[in-house]
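So the structure is just underneath, and the comments pick up after that.
We name chains A, B, ... by the order of the sequence lines, and we start the count at 1 in each one.
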Amino acid sequence: MTRISLSRLHGERVLVVDGDAEQVIDLAALPAYVAGREADAAGPPRWVWDDTARWYPSLLAAGVRVARCQDLRLCHHLLRRAPAVDGRLLDGDGSAHWDRLGPAAAPSHPTLFSADDTAEHLRADREDERQLAAVAGSPEAARLGLLVAAESAGALVAAEMTYAGVPWRLDVHERLLAELLGPRPPRGARPQLLDELVAEVRRSLDSPALNPDSRPELLAALRRAGFEVADIRASTLQAVDHPAIAPLLRYKKLAHLFQTNGWAWVDEWVSGGRFRPSYQPAGSTTGRWSSNGGGALSFPVQVRSAAVADEGWVLVVADVAQLEPRVLAGMSRDRALARAARGADLYQGMVDDGAVATRQDAKLGLLGAMYGATSGESGRMVAGLTRRYPAAFGLVEEAARAGERGQVVRTLLGRGSPALGGTWDESPDAPPADLDDQDRRRRAYGRFTRNFIVQGTGAEWALCWIADLRNRLWRLGGDGPLDARPHLVLFLHDEVVVHAPAALADAVGAELTSAAATAGALLFRELDVDFPLTISVVQSYADAGKPGT
DNA sequence: TTTATGGGCGCC
DNA sequence: AGGGCGCCCATAAA
């Protein structure tokens, strides 16, 4: 496959390297050039660039969609930390700049490039050669190659989702806010209904100047009323029998809504009927995405009713049931657990297998194994299940031991965990740790590495899923730009939302299912692990059925 | 005055 | 003595 690298030069110019052919073109001419090459009879090339978030938004704005890319920043970061990669193959002219490269600024405006002086060091073609050599030279070249491709495809998805946005009904959101909080207050003021709750709490606690957001003040007021509590968590306050508690808890809940997804949030993140958050692919050390603007990965159930499909369109919402336990079955090649994973409910499968008495026990045991529970009900279930599923439970146990020894671990496709004392556990000049403290930290790192291999491999499955889905949705067709066709608008670790013309809802559902099967086969080959989806076709995201398993 | 940290809560 | 994140605030430190 043709690889074409793009490097920015000073001025508004771009160096294009296609095999032995080099040319310099104007930035303004880039969309037309890319569109032309995408239409090559021999198939679309792979675009090689420093950072998808820097190049792709302006292409999308010009109506150009690309099929494939290599995101050198993401892949450099990945390969640097991959245990199966010889780091020396990544060293060379300008490689230190790639080591230091951070994520591009959030693409709030699809601006082009900020002029800085690292341009000549970021020759994409040279870094591309090093990355190709690093992958090829690894004993795990096939898996790493897949990971690099999936990571890059994820970056394309992220840019496309920000470009398209989640269809968002301002009127629905504002009606919701008005009902729960009252009319929009002037800047800096508390909404009326929150104010009333504060007044009630103050009255009730006989503290006329109480700031309900202040922990010390709240603790003191409660003490005066005769209640000694250790903290002001909602779950703690629930147990206090005092008339101030009910309005206080309601205040806390609504204040959170006001602050996090209130009018200010709308002003900042919703425009033109679309919610456009910013995603950070591989933003967490496990390879999961994070979101550094808009809170896309954590917008609460409460405001999801405002995510409503356009007229004549629907939202197709799909989530994977018990993704991580299934991934564990696959990566450990535990045939007994994989058998239990046939069908819609893995936990029920374990019950039917006779491994455990109830569904709840199965869930407790599996989650306990993945998170490193050592005590309580969960801890006890782990012991029993280890005998039934030795490969699966042994794998996470081994990862925990490795972490406790200070060793790094890796996901199925080869992403490495950050080293102990590295980015994982940053405390520059920690006070001279005593032995107990040292021990605690090693155990904590062991719990982290235990979870890392599962959460990280789960993230890899999800990347393969959305990468394949992206292409399938494109092939479903329609004419015109990306957002005139069925397209992804949201991705939340194990769940996606597709915005699609109503007539294509069933077809989209079929592609979601096929893409999940493809992802399973890519990661686990012939080992048959099911990844059943719960699919809802809805107008409003709030109506999607979510079995909370 | 600005900056860093931790509690509390939201999501998976 | 249970993993990963972001965001908001109050608070403490600088």
Measure from [atom1] on [X] to [atom2] on [N] and round the result to the nearest Å.
X: Tyr279(A); N: dC12(B); atom1: OH; atom2: P; answer: 13 Å
X: Tyr445(A); N: dG4(C); atom1: OH; atom2: P; answer: 11 Å
X: Asp494(A); N: dG3(C); atom1: CG; atom2: C1'; answer: 14 Å
X: Leu490(A); N: dC11(B); atom1: CG; atom2: P; answer: 14 Å
X: Asp439(A); N: dA1(C); atom1: CG; atom2: P; answer: 16 Å
X: Glu460(A); N: dC12(B); atom1: CD; atom2: C1'; answer: 17 Å
X: Leu257(A); N: dC11(B); atom1: CG; atom2: P; answer: 11 Å
X: Glu268(A); N: dC7(C); atom1: CD; atom2: C1'; answer: 12 Å

Without hydrogens or angle criteria, can the side chains of [X] and [Y] be said to hold a donor-acceptor pair below 3.5 Å?
X: Ser290(A); Y: Gln280(A); value: no
X: Tyr56(A); Y: Glu160(A); value: yes
X: Thr286(A); Y: Arg415(A); value: no
X: Ser540(A); Y: Arg304(A); value: no

For nucleotides 7-9 of chain B, list the nitrogen or oxygen atoms of the protein found under 3.5 Å from its nitrogen or oxygen atoms, one pair per line.
{"from": "dG8(B)", "atom 1": "OP1", "to": "Ile232(A)", "atom 2": "N", "distance (Å)": "3.1"}
{"from": "dC9(B)", "atom 1": "OP1", "to": "Ala234(A)", "atom 2": "N", "distance (Å)": "2.6"}

Next on the checklist: Applying the salt bridge (Lys or Arg N to Asp or Glu O under 4.0 Å) criterion to Asp439(A), which one of Arg442(A), Arg443(A), Arg441(A) satisfies it?
Outcome noted: Arg443(A)
Among [options], the nucleotide that comes nearest once only the side chain of [X] is considered:
X: Thr374(A); options: dG2(C), dG4(C), dC8(C); value: dG2(C)
X: Tyr371(A); options: dG2(C), dC12(B), dC11(B); value: dG2(C)
X: Lys253(A); options: dG10(B), dC11(B), dC12(B); value: dG10(B)
X: Ser214(A); options: dC12(B), dA1(C), dA10(C); value: dA10(C)
X: Asn211(A); options: dG3(C), dC12(B), dA10(C); value: dA10(C)

Checklist entry - For Gln455(A), which contact category applies under a 4.0 Å heavy-atom criterion: base, sugar-phosphate, or nothing? => result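 The answer is base, as Gln455(A) lies within the cut-off (heavy atoms under 4.0 Å) of a base atom.
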Checklist entry - What does Val454(A) touch in the nucleic acid at a heavy-atom separation under 4.0 angstrom: a base, only the sugar-phosphate, or nothing? => result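 Val454(A): no heavy atom of the nucleic acid under 4.0 Å.
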Next on the checklist: Please determine whether side chain to side chain donor-acceptor pair (under 3.5 Å) holds for the pair Asp345(A) and Gln322(A), giving the CA-CA distance in whole Å, both sets of side-chain angles, and the decisive distance to 0.1 Å.
Outcome noted: CA-CA 8 Å; Asp345(A) 186 345; Gln322(A) 307 123 4; 3.3 Å; yes
Item to check | Salt bridge flag under 4.0 Å for residues Asp530(A) and Arg326(A) | outcome: no
Item to check | Tyr279(A)-Trp289(A) aromatic ring centre distance below 6.0 Å | outcome: yes
Next on the checklist: For His173(A) together with Trp265(A), are the ring centres under 6.0 Å from each other?
Outcome noted: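 Aromatic pair counts; centres sit under 6.0 Å.
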Next on the checklist: Under 4.0 Å from OP1 or OP2 of dG4(C): is there any side-chain N or O of Thr286(A) that close?
Outcome noted: no
Next on the checklist: Looking at dG3(C), I'd like to know if its phosphate oxygens (OP1 or OP2) sit under 4.0 Å from a side-chain N or O belonging to Arg447(A).
Outcome noted: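 Looking at the OP1 and OP2 atoms of dG3(C), one of them is under 4.0 Å from a side-chain N or O of Arg447(A).
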Checklist entry - To the nearest 0.5 Å, what is the distance between OG1 (Thr411(A)) and CH2 (Trp461(A))? => result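 It is 16.0 Å, given to the nearest 0.5 Å.
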Checklist entry - Name the stems with DNA chain C in them: runs of three or more consecutive Watson-Crick or G-U pairs, distances under 3.5 Å? => result B:1-12 with C:3-14
Checklist entry - If you find the nucleotide of DNA chain C closest to Gly293(A) and the one closest to Ala373(A), which residue's nucleotide is nearer the 5' end? => result Ala373(A)
